[in-house]
Structures are given as structure tokens and as C-alpha cells.
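Reviewing the structure listed below.
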Amino acid sequence: MESSQAVYEALKEVGINFIVSLPCVNLGKVMELVECDPEIIHVPVTREEEGFGICAGAYLGGKKPAILMQNSGLGNSVNVLASLYELYHLPILMVMSHRGTEGEFMNAQVPMGKATPRVLEALEIPYYNPKTPEDAFEVIKNAWNQAQSNGTPVGILLDISYW
Amino acid sequence: MERIEAIKTIVESLKIELVICNIGFPSRELYQVKDSSTNFYMLGSMGMASSIGLGLAMAQKRKVVVFDGDGSVLMNLGSLVTIYNQKPENLILVVLDNECYGSTGSQCTYASTVDLSKVADAVGFQEKFFFSDDIDFQPVLNAEGPVFVHVKVKPGNADVPVIPMKPDEIKERFIKEVQEK
Ligand SMILES: Cc1ncc(C[n+]2csc(CCOP(=O)(O)OP(=O)(O)O)c2C)c(N)n1
Ligand SMILES: [Mg+2]
């Protein structure tokens, strides 16, 4: 399975039907697949925090939401994750391109890349780090089920080497 | 007109519309004026009211009214751009503009020098309403969304208690209302 296709197929498999996104170069193909899918409402956002707000509303309205973002966007979203998602026990699947990991060519990505797992831990958000498309396909499916049954965001960190 | 009067006048004209209400005194005042299973009270995430409203409006057909604040709109100005682009027909964004962060002691916001109606204009909103003395909400309800409603209110919070409901209760009652009707 191709890396982007694996992410998309997993989202489809669990019935994700509402996706907000803010691009990372590594997410370009997944975003295209999502945009072309008539069964998924796709909302490009101006800031990831806003995307989490939109997904919370969509969930209240009966949708199964996910966000596609670079790990930098986690930094933009700390308060909404704590004071909306944790407070009200809301689920969302967070698919993150994890920059600043092994093989990163831009030093500028390293600080937030290093902080990312610890920010997730501080927020008590469970996360997974699949290394291959086959792995990602399984992990993403289970992650949504975990998010829904526990009422929590669940993170998927996709390293540079994943793509 | 104080914020609580504006909230009261508007909710009196609502029937089955869903309401997303901003953090702090706006939610407390709404709870006091008229608690309802159609209300979602925010207890955190300042700035997110309009975004939650947008997601809810896009996810289902019922009309959604958002009670937002000037300070909160300024915190998430990009939301206006996203709302304009997504064009939800069933979304009404009401900005209760007291030109201050009312819930934290009425410190000034930049809404005293920047006209939020002009901001909505610049973004491209077609349906815009402005109220400062009286509110006639029926034309707002009849308009096709997204509708931007700018209400100038006096600073000040009503003497109302905190909302006794737990976050999970607020959520579960609201989801039941939205999804079982
Ligand atoms: C991120 C964040 N910053 C600051 C606060 C503190 N705070 C809570 S309500 C509020 C004022 C909101 O102002 P506005 O949106 O104008 O609403 P008003 O209370 O005036 O109706 C502030 C600053 C907060 N809860 N979250
Ligand atoms: Mg205010």
C-alpha cells in the first residue's frame, strides 16, 4: 500500500466523514484524496485551533471528525484540546505529519518536532507512531474506535521516514 | 441595552434553533434567561464559539445561532474567513459587542477602534445586521446564512450564578436534542 493511500483508506474504513485540514507538504496527497471524496465534508482552515472548534461542532451534529495537520499545528491548539476536548470528552482523530524527526532537512522544524510527543503527553492524549503503510492502516482504524469509545482525541504521528 | 437584555430578546424569538454560547458571563446569562436542551454552553476555549457553530451548521440542517463576544471574535478572526468561504445557509453569528473583555472585568478590546461590521463587510458577508437600541430578530431568522449580526451592548455583567451543569451533562443533553429530532 502507498503511504498516503493507506491513511485515506483507513479514514474511509472507519467512516470518517468530516475533515478539516491545514497543509504540510507530506499531507498533500491525502488532502487531495479527501477533497475529491463526495462522502467527506472537507474544510480547509486558517489555523488548526479553529479546525478543532469546527470538528467539535461537527461531532455534536453527528459527524465523525478528523484533522489533517503538521505537528506545528498542535502548538496552535493546546488550549482548545484541554478546555474543549478534554473538558467535554470529545473524540477526534488527529493525523499529524511529524516534522523535525529523523531525516528532517530543515533545522527550523526540530524544536517543535521534539516538543510534540511531550505536548501530547502533557495533554494526556494517546498517540501512535506507525512506521509503515500497513501499520498505519491498522493503527488509524483502531485509533478512531478508541477516540469514540473513550471520548478523547487520539493522535497519529507520521514521521518523515513514513512517507 | 446590556448583554443580558440582548440575549433575552433574541432567545425569545427562537423556537427550534440550536444555540452555541460563548464562555463566561454570556453563557451564565443565557442559562439564567432561558435554559434549554437546544443550548450548548462553552466553559472554556475562548474564541471557538463561531467555529463550533460552523461545524455544527455544516453537520446538520437545523439553524444554528452563535452568541459570540467582540474579544473572542478578535481572538479567532480567521473564523470569519472560513465561515464566508463555507457559506453555511443555516448559520447566524451574533457578536455581542461591549467593546471589552466583559467576563474578566471589562478591560477594553480593540473593538472600540475597529468596527467589526466593517471587518465582516471586508470579508464579504452578504447578510449583515446591526442593532444598538432595539433588536428585531425576525428578519435575521428569515435571511439566508451565513448571517453576521453585530449588536452593540453596554459593558457589564448581570448578577447571575455559575452554571450548575457538568460539561458532560451539557454535551449529552445537547447531542440528544440535535440527533434525536
Ligand atoms: C485563551 C483565553 N484567554 C483568556 C481567557 C480569559 N477570558 C475569559 S472570558 C474573557 C473575555 C471574553 O471577552 P468577549 O468575547 O468580548 O466576551 P464578553 O465577556 O465581553 O461578553 C477572557 C479574556 C480565557 N478564558 N481563555
Ligand atoms: Mg466583549
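Chain letters run A, B, ... following the sequence lines, proteins first and then strands; every chain starts at 1.
- No other option in Val178(B), Leu43(B), Ile20(B), Asn85(B) has as many heavy-atom pairs under 4.5 Å with chain A as Leu43(B).
- Only the side chain of Phe18(A) has a heavy atom closer than 4.5 Å to any heavy atom of chain B.
- When each of Leu116(B), Val73(B), Asp115(B) is paired with Asp97(B), the side chain to side chain contact (heavy atoms under 4.5 Å, CB included) condition holds for Leu116(B) and for no other.
- Contacts of Pro65(A) with chain B are absent, with no heavy-atom separation under 4.5 Å from either backbone or side chain.
- Between Tyr41(B) and Tyr31(B), the ring planes lie perpendicular to each other; the angle is over 60°, past the 30° to 60° tilted range.
- The candidate with the highest count of non-hydrogen atom pairs below 4.5 Å against chain B, out of Ala82(A), Gly62(A), Ala56(A), is Gly62(A).
- With a 4.5 Å cut-off on non-hydrogen atoms, Tyr59(A) touches chain B through its backbone and its side chain both.
- If you measure heavy-atom distances from Leu77(B) to chain A, you find no contacts under 4.5 Å at all.
- Salt-bridge check for Glu29(B) with Lys8(B): failed, with every basic side-chain N at 4.0 Å or more from each acidic carboxylate O.
- Of the residues considered (Ile54(A), Ile41(A), Leu81(A), Val20(A)), Ile54(A) shows the highest number of contacts with chain B, using heavy-atom pairs under 4.5 Å.
- Annotation: Asn142(B), atom CG; neighbour count of heavy atoms from other residues, nucleotides and ligands within 6.0 Å is above 12.
- The most heavy-atom pairs under 4.5 Å with chain A, out of Val81(B), Ile175(B), Asp168(B), Leu18(B), come from Asp168(B).
- Ring geometry, Phe40(B) versus Tyr88(A): the interplanar angle falls from 30° to 60°, so the pair is classed tilted.
- In terms of non-hydrogen atom pairs under 4.5 Å with chain B, the most contact-rich of Val45(A), Leu87(A), Asn17(A) is Leu87(A).
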For side chain to side chain contact (heavy atoms under 4.5 Å, CB included), just list the numbers for Glu50(A) and Ser50(B), CA-CA rounded to whole Å, side-chain angles, deciding distance to a tenth of an Å, and then say yes or no. CA-CA 9 Å; Glu50(A) 176 202 14; Ser50(B) 61; over 6 Å; no
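- Aromatic ring pairs are classed by plane angle as parallel below 30°, tilted from 30° to 60° and perpendicular above 60°; the pair Phe125(B) and Phe148(B) is tilted.
- The most heavy-atom pairs under 4.5 Å with chain A, out of Gly44(B), Gly47(B), Ser51(B), come from Ser51(B).
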Side chain to side chain contact (heavy atoms under 4.5 Å, CB included), that's the test. Do Asn26(A) and Arg99(A) meet it? Break it down for me. CA-CA 9 Å; Asn26(A) 291 341; Arg99(A) 299 294 301 271; 4.0 Å; yes
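- Interface remark: Leu60(A) contributes backbone and side-chain atoms alike to the contact with chain B (heavy atom separation under 4.5 Å).
- Ranked by heavy-atom pairs under 4.5 Å with chain B, the list Gly57(A), Gly151(A), Pro44(A) is led by Gly57(A).
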